[in-house]
Colleague: 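Below you will find the structure I want to go over with you.
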Amino acid sequence: MLLLMPRLVGRAKKLAVPPSLASFGLAPRHLTLLALLLLDGPMTVRVLADRLEVAPTTVSLMVADLSRQGILRRNEDDTDRRRVIVDIDSGHRRDIDAWLSGSADAWRDALEPLTAAERELVVSTLKRYEEGVERALSKE
């Protein structure tokens with residue numbers, strides 16, 4: 001695992017950002033947000049924050065930045081004007097999908113032969129690893 005994890009991350013980082021998105025300065029933190037919106041559809045900042053396991057203010061800042069650049073759009077909820085629904089702008093959806101599909105396809109290929117229980121084991125193991133690294137960082 002010590003050899004595999006850096007290679008996994010390194011290869012994922014090599015997935016080329018489409019030329020149409022290169023000037024936006026997208027960072028790894030944007031990838032998960034964009035992937036959630038791409039795969040699960042429009043949602044509120046609060047739901048995005050819950051799914052990303054970060055504070056709503058963090059997501060709000062990312063959404064504001066990406067909205068200013070035209071990557072995301074914010075719309076009022078038709079049923080509650082106080083709620084704002086975030087979505088990927090239709091002009092960038094195809095390029096974002098093409099960019100993220102390489103990683104998504106690789107995960108799908110890797111996990112597809114596993115049973116639901118085996119997939120859960122893989123995910124829970126990776127989460128425990130993440131928590132262990134977080135504990136080690138907090139001791140520094």
Side-chain angles (χ1 to χ4, degrees):
M1 285 301 284
L2 289 173
L3 296 174
L4 180 60
M5 291 303 284
R7 287 198 320 252
L8 288 174
V9 172
R11 286 200 172 85
K13 285 182 175 183
K14 288 181 182 179
L15 291 171
V17 176
S20 63
L21 300 172
S23 66
F24 293 115
L26 297 173
R29 63 192 164 101
H30 297 118
L31 295 180
T32 307
L33 183 144
L34 293 170
L36 282 172
L37 292 171
L38 187 67
L39 298 172
D40 295 342
M43 59 187 80
T44 65
V45 168
R46 176 157 303 283
V47 171
L48 275 168
D50 289 346
R51 301 281 302 278
L52 292 168
E53 300 177 356
V54 297
T57 53
T58 301
V59 173
S60 186
L61 290 170
M62 284 195 302
V63 167
D65 179 43
L66 295 174
S67 295
R68 270 191 306 279
Q69 296 184 71
I71 295 171
L72 297 181
R73 59 181 159 78
R74 294 182 277 191
N75 299 308
E76 289 181 348
D77 185 338
D78 292 336
T79 60
D80 182 352
R81 297 261 188 239
R82 295 170 295 171
R83 287 175 21 128
V84 175
I85 307 296
V86 180
D87 196 8
I88 296 171
D89 183 79
S90 59
H92 295 292
R93 182 173 293 280
R94 182 181 299 151
D95 289 337
I96 290 170
D97 183 38
W99 180 31
L100 298 178
S101 67
S103 179
D105 291 346
W107 277 114
R108 195 174 296 110
D109 289 347
L111 298 174
E112 189 271 328
L114 304 179
T115 66
E118 290 169 332
R119 286 191 295 272
E120 177 61 33
L121 178 62
V122 169
V123 172
S124 66
T125 300
L126 290 172
K127 283 182 177 181
R128 281 195 311 276
Y129 172 80
E130 177 189 31
E131 291 164 0
V133 170
E134 189 65 31
R135 279 192 304 277
L137 288 171
S138 69
K139 292 177 183 177
E140 290 183 349

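Basis for what follows: all heavy atoms, side chains included, without hydrogens, waters or symmetry-related copies.
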Colleague: When rounded to the nearest 0.5 angstrom, what distance separates CG in L121 from CD in E118?
Modeller: 8.0 Å
Colleague: About how many Å separate CG of L48 and CG of D40, when rounded to the nearest 0.5 Å?
Modeller: 9.5 Å
Colleague: Residues two or more places apart in sequence or in another chain: which of them pass side-chain hydrogen bond (donor to acceptor under 3.5 Å, both in side chains) with R119?
Modeller: none
Colleague: Please determine whether residues M62 and I85 belong to a single hydrophobic cluster, defined as Ile, Leu, Val, Met, Phe, Trp and Tyr linked transitively by side-chain heavy-atom distances below 4.5 Å.
Modeller: no
Colleague: How long is the span from the CG atom in L100 to the CG atom in L36, to the nearest 0.5 Å?
Modeller: 10.5 Å
Colleague: Is there a side-chain contact between L33 and L72, using heavy atoms and a 4.5 Å cut-off?
Modeller: yes
Colleague: Measure centre to centre between the rings of F24 and H92, then say whether the value is under 6.0 Å.
Modeller: yes
Colleague: Among all residues two or more places apart in sequence or in another chain, which pass the salt bridge (Lys or Arg N to Asp or Glu O under 4.0 Å) test with D109?
Modeller: none
Colleague: Just verifying a value: how many Å separate L8 CG and L3 CG, rounded to the nearest 0.5 Å?
Modeller: 11.0 Å
Colleague: Salt bridge or not for D97 and R94, using N-O below 4.0 Å?
Modeller: no
Colleague: Do L111 and L126 sit in one hydrophobic cluster, given that two such residues count as connected whenever their side-chain heavy atoms are within less than 4.5 Å of each other, even indirectly?
Modeller: yes
Colleague: If you compare all heavy atoms of R93 against all heavy atoms of L37, which two are closest, and at what distance to 0.1 Å?
Modeller: NH1-O, 4.3 Å
Colleague: Rounded at 0.5 Å granularity, tell me how far CZ in R83 sits from CG in D78.
Modeller: 10.5 Å
Colleague: Identify the heavy atoms of V45 and P56 that sit nearest to each other, and give their distance.
Modeller: CG1-O, 3.6 Å
Colleague: In terms of hydrophobic clusters joined by side-chain contacts under 4.5 Å, are V84 and I88 together?
Modeller: no
Colleague: For R73 versus S90, what's the shortest heavy-atom pair and its separation?
Modeller: NE-N, 4.4 Å
Colleague: Within a strict 4.5 Å, meaning less than it, do heavy atoms of the E134 and S138 side chains meet?
Modeller: no
Colleague: Just verifying a value: how many Å separate T125 OG1 and E120 CD, rounded to the nearest 0.5 Å?
Modeller: 9.0 Å
Colleague: Are the side chains of V54 and V59 in contact, using a 4.5 Å heavy-atom criterion?
Modeller: yes
Colleague: Please report the closest heavy-atom contact between H30 and G25, naming both atoms and the distance.
Modeller: CE1-O, 4.1 Å
Colleague: May I ask whether V9 and W107 are part of the same hydrophobic cluster, defined by side-chain heavy atoms of I, L, V, M, F, W, Y residues being less than 4.5 angstrom apart, directly or through others?
Modeller: no
Colleague: Any non-hydrogen side-chain atom of D65 less than 4.5 Å from a side-chain atom of I71?
Modeller: no
Colleague: Hydrophobic clustering (ILVMFWY, side-chain heavy atoms < 4.5 Å, transitive) - are L4 and Y129 grouped together?
Modeller: yes
